[in-house]
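Report on the following structure.
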Amino acid sequence: MAHWLFKSEPETWSWQQQLAKGAPEEWHGVRNYQARNNMRAMQLGELGFFYHSVQEKRIMGIVKVVALAHPDSTALVPGEKVVWECVDIEAVKPLPKPVGLDEIKAEPDLAGMVLVNNSRLSVQPVSDGEWAKICAMGGL
DNA sequence: GCCAACGTTGGC
DNA sequence: GCCAACGTTGGC
């Protein structure tokens, strides 16, 4: 199974909110084709990291894909073709030790991460090796 | 607050 | 179809 990384500015939607909700949340608002295509590729039950950008810059926890890509309800224009889609995700568990961007950059094994090389992409693939490494760094 | 990187738009 | 101009994102 593939792994992913979801970025969010905590001011807009935070890990704390996601965790407190305890129910599926539509990952709407993505207006980037690459990010959308990543969501289209997701399978039910696949896991992803939840990353806080801008203010905190760290990976907070793990989420699970609970609904396949479907039209983004915030981007629907009646009578027009659907362009933007999103998946639904649910919080699984927090990382005991959130992993900061500075720690990721300091780790040679993670130098190839999309987060490091294309920080603007809001929904990213994470390789199995990167996934395992970050889980370990996060205390799991 | 600044700026680099990236994506999108629109004129040609 | 190319490319300059512009807007946005996100790290510093």
Side-chain angles (χ1 to χ4, degrees):
Chain A
M1 291 213 302
H3 294 102
W4 309 95
L5 183 144
F6 297 85
K7 262 190 343 193
S8 185
E9 294 190 34
E11 274 187 17
T12 306
W13 178 253
S14 72
W15 166 249
Q16 288 79 8
Q17 286 172 288
Q18 180 82 45
L19 190 61
K21 182 163 184 182
E25 169 74 10
E26 183 181 63
W27 200 253
H28 54 226
V30 172
R31 301 291 182 269
N32 172 283
Y33 287 102
Q34 226 181 321
R36 184 205 63 184
N37 292 342
N38 285 336
M39 289 198 282
R40 280 183 174 174
M42 291 180 188
Q43 302 295 316
L44 285 178
E46 286 184 339
L47 300 176
F49 291 126
F50 191 113
Y51 176 77
H52 276 176
S53 66
V54 186
Q55 295 94 332
E56 300 184 21
K57 285 172 289 180
R58 51 186 188 157
I59 293 172
M60 302 299 294
I62 290 174
V63 294
K64 181 172 61 172
V65 176
V66 293
L68 296 175
H70 56 81
D72 182 334
S73 66
T74 66
L76 280 182
V77 182
E80 282 188 20
K81 207 174 78 170
V82 171
V83 175
W84 300 116
E85 301 176 22
C86 60
V87 296
D88 293 357
I89 61 172
E90 200 172 327
V92 175
K93 60 184 162 188
L95 288 186
K97 228 167 49 76
V99 177
L101 182 61
D102 50 348
E103 296 174 69
I104 290 171
K105 287 192 162 172
E107 176 53 64
D109 291 351
L110 301 177
M113 274 194 79
V114 180
L115 189 63
V116 175
N117 299 299
N118 184 6
S119 59
R120 290 192 50 186
L121 185 60
S122 62
V123 179
Q124 314 177 351
V126 173
S127 76
D128 292 346
E130 292 159 358
W131 180 267
K133 182 82 190 173
I134 290 170
C135 284
M137 290 166 73
L140 288 176

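Below, chain A is the first sequence line, B the second, and so on; all start at residue 1. For the numbers below, each heavy atom of this structure counts, side chains included, while hydrogens, waters and symmetry mates do not.
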Qualifying residues under side chain to side chain contact (heavy atoms under 4.5 Å, CB included), relative to [X], sequence neighbours excluded:
| X | value |
| --- | --- |
| A:T74 | A:H28, A:R31, A:D72 |
| A:Q55 | A:P10, A:E11 |
| A:A69 | A:R40, A:E85, A:V87 |

Share the residues that join A:L68 in a hydrophobic cluster, the rule being Ile, Leu, Val, Met, Phe, Trp or Tyr side chains under 4.5 Å apart at the heavy-atom level.
A:L44
Using a 4.5 Å side-chain heavy-atom cut-off and chaining through intermediate ILVMFWY residues, the residues clustered with A:V92 come out as A:L5, A:L47, A:F49, A:Y51, A:I59, A:I62, A:L95, A:V99, A:L101, A:I104, A:L110, A:M113, A:L115, A:V116, A:V126, A:W131, A:I134, A:M137, A:L140
Indicate for each nucleotide in nucleotides 4-12 of chain C, in 5' to 3' sequence, whether protein heavy atoms under 4.0 Å reach the base (B), only the sugar-phosphate (S), or nothing (-).
---BBBSSS
